2 protein chains.
Amino acid sequence: MLQERLFTRPLYVQVRDALAKRIAAGEWKPGAVMPNEGDLAGQFGVSPGTMRKALDLLESERLLTRRQGRGTFVKDPTAEDRVVRYCNLRGPRGKAIRGDINTLEINEVAAEEPERLRLQLTQDERVYRLKRARAYEGVAFMVEDVALPAALFPGLVERNVSPLAILELAQAYGILLGKGEETVSIGAASVWASDALRTAKASPVLFLDRVILTRDGRPAEWRRGECVPTRAMHYIVGMR
Amino acid sequence: MLQERLFTRPLYVQVRDALAKRIAAGEWKPGAVMPNEGDLAGQFGVSPGTMRKALDLLESERLLTRRQGRGTFVKDPTAEDRVVRYCNLRGPRGKAIRGDINTLEINEVAAEEPERLRLQLTQDERVYRLKRARAYEGVAFMVEDVALPAALFPGLVERNVSPLAILELAQAYGILLGKGEETVSIGAASVWASDALRTAKASPVLFLDRVILTRDGRPAEWRRGECVPTRAMHYIVGMR
DNA sequence: AAGTGGTCTAGACCACTCA
DNA sequence: GAGTGGTCTAGACCACTTG
């Protein structure tokens, strides 16, 4: 009659979140084996079926891998096969191309209107602004403006983050990343882009604009990129 | 119980496929209610848990919707919220933009090398080739070359398919569509594109190249498009 | 042989919808 | 109140991996 249910989420969801929290906290390191289903069920005081459902969810969220006869393993978010998640540029044999990152500038400033909108920040929050260039086999193919919520990445400027992408940053701060969304359009290169990429002024480039959320839905990165796909490099989209 | 596990796939997968087949065959029309879990389990001679797992799969594949207290419903693949699946162009308020399709040419021919590769056809298979233009609010923004395996769409030229997209075609032929993949790049408009789109010769456009598979993994459509995103139109990509 | 995850079963109870 | 899907439990057995 009264809906307690609105306040108590299903047990298997609670268990999933508890496990995710412990993974993010580093309780089980990437690559490590977790206890078996039965033991975990015992630890949490739930039935094996409920624990299984929680683990199924975590596997579908790519936090775990399970292999029959072996065990349950914590996935490494920075492993090669997971890097592709936010990287839609592909090379000749379909390999993801992240490029070598070079951070040209990094500043901590008060968030301005567009940043507050895209990162869902309140009036007086601060952001880190980065200017970066990416090179593949020595050739710069993309420049990007990145904004990161200062609250999520405390002390970022003191760290040496020059070559680090969002994946490694999140890893270093114990943040689990979730969904992202990117828009692709076409336009004329900005002045600093055509400068850094050594293309003709205002030559056509791909504009990329993406926001990546944390696993629990808070915006973690806003990136605007200008990209000149070199030969055999293309942007790829899977439709499930 | 139904089959020996040693020689067959898991029971819940068999049940899922049997249900999918009956849905594709039109046994339950889009929007119709299906029998409840218990009855279905009885029909198939499996336990309720196994039937539930099969239904869960079908729901994750977007063939079904289930609502507590209401029942299990067959989804309509051409419904507004499902059209977006293969349509990554969005308008101002995030609405999918399919545009009005106008088929300019349609031919049945022997598949050539690139078509055989992309559509995984054998040496002597045939394809339908279509040339189309898409317009939004009266303005053409995209032209496309489409290739369809003749084996999947028998008698296509005799039908009036001028305004039909792959979604409606598949529906008409009782084909369930599955995953797709699209690549996006940048280039100079071809002659017929700049002609149809009334842009300057060789002006920059988005090149779109996609293949859509059927639910069971056979290529169903290869499309190459040249697109001039007008106004607030943009290409969007979700990263899960 | 021992241990793991994967499949399958059977049933109780809860939450939601609608007549 | 009757019917539906959603949650949770408890346990048997299978398939795979490793020592």
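What you see below is based on every heavy atom in this structure, not just the backbone, and it leaves out hydrogens, waters and symmetry mates. None of the values given here were measured: they were computed from a predicted structure. Residue numbering restarts at 1 for every chain, and letters A, B, ... go by the order of the sequence lines.
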| field | Euclidean distance, atom CG of residue L11(B) to atom P of dA12(D) [Å, nearest integer] | value | 20 Å

| task | Please determine if a side-chain N or O atom of Y12(B) lies less than 4.0 Å away from the OP1 or OP2 oxygen of dC8(C). | result | no

| message | Between C1' on dG6(C) and CG on L64(A), what's the gap in Å once rounded to a whole number? | response | 16 Å

| field | Spacing of R16(B) atom CZ relative to dC8(C) atom P, expressed in whole Å | value | 13 Å

| said: In whole Å, I'd like the distance from the CZ atom of R52(A) to the P atom of dT7(D). | reply: 17 Å

| field | Ring-face cation of R159(B) near F153(B) (centre distance under 6.0 Å, axis angle within 45°) | value | no

| field | K75(A) atom NZ, over 12 foreign heavy atoms within 6.0 Å | value | yes

| request: Using whole Å, report how far CD of E37(B) lies from C1' of dC16(C). | output: 14 Å

| Thinking salt bridges, do K21(A) and E27(A) make one under a 4.0 Å N-O criterion? | no

| Given atom CG of L55(A) and atom P of dG6(C), what is their separation to the nearest angstrom? | 9 Å

| query | Between T72(A) and dG5(C), is there a side-chain N or O to OP1/OP2 distance below 4.0 Å? | reply | yes

| request: Would you tell me if any nitrogen or oxygen in the side chain of T50(B) comes within less than 4.0 Å of OP1 or OP2 on dC8(C)? | output: no

| task | Could you tell me the separation between the CD1 atom of I236(B) and the CD1 atom of I97(B), rounded to the nearest 0.5 Å? | result | 11.5 Å

| request: Any chance you could measure M51(B), atom CE, to D39(B), atom CG, to the nearest 0.5 Å? | output: 10.0 Å

| Under the criterion side chain to side chain contact (heavy atoms under 4.5 Å, CB included), which of L130(A), V127(A), L119(A) is the partner of L148(A)? | L130(A)

| Taking 4.0 angstrom as the limit, do E221(A) and R132(A) come out as a salt bridge? | no

| message | A side-chain contact here means heavy atoms from C-beta on lying under 4.5 Å apart; do Y86(B) and L167(B) qualify? | response | yes

Expected rows: protein N/O vs nucleotides 17-19 of chain C N/O, under 3.5 Å:
residue	atom	partner	partner atom	Å
dC18(C)	OP1	R70(B)	NE	3.3

| Phosphate OP1/OP2 of dG3(D) contacted by N36(B) side-chain N/O (<4.0 Å) | no

| Under-4.0 Å side-chain N/O to phosphate OP1/OP2 contact, K53(B) with dT7(C) | yes

| request: Round to the nearest Å and state the distance from D39(A) atom CG to dG3(C) atom P. | output: 11 Å

| query | Atom CD of E59(B) and atom C1' of dT4(D): how far apart are they, to the nearest Å? | reply | 14 Å

| message | Whether R98(B) and E168(B) form a salt bridge (side-chain N of Lys/Arg under 4.0 Å from carboxylate O of Asp/Glu) is what I want to check. | response | yes

| task | Decide, yes or no, whether a salt bridge links D56(A) with R66(A) under the criterion of side-chain N to carboxylate O below 4.0 Å. | result | yes

| task | Measure the angle between the two terminal helix axes of the helix from dA1(C)-dT18(D) to dC18(C)-dG1(D), five base pairs each, and quote it to 10°. | result | 10°

| If you find the nucleotide of DNA chain D closest to M51(A) and the one closest to P35(B), which residue's nucleotide is nearer the 5' end? | P35(B)

| task | May I ask you to verify if any side-chain N or O of R66(B) is less than 4.0 angstrom from the OP1 or OP2 atom of dG6(D)? | result | yes

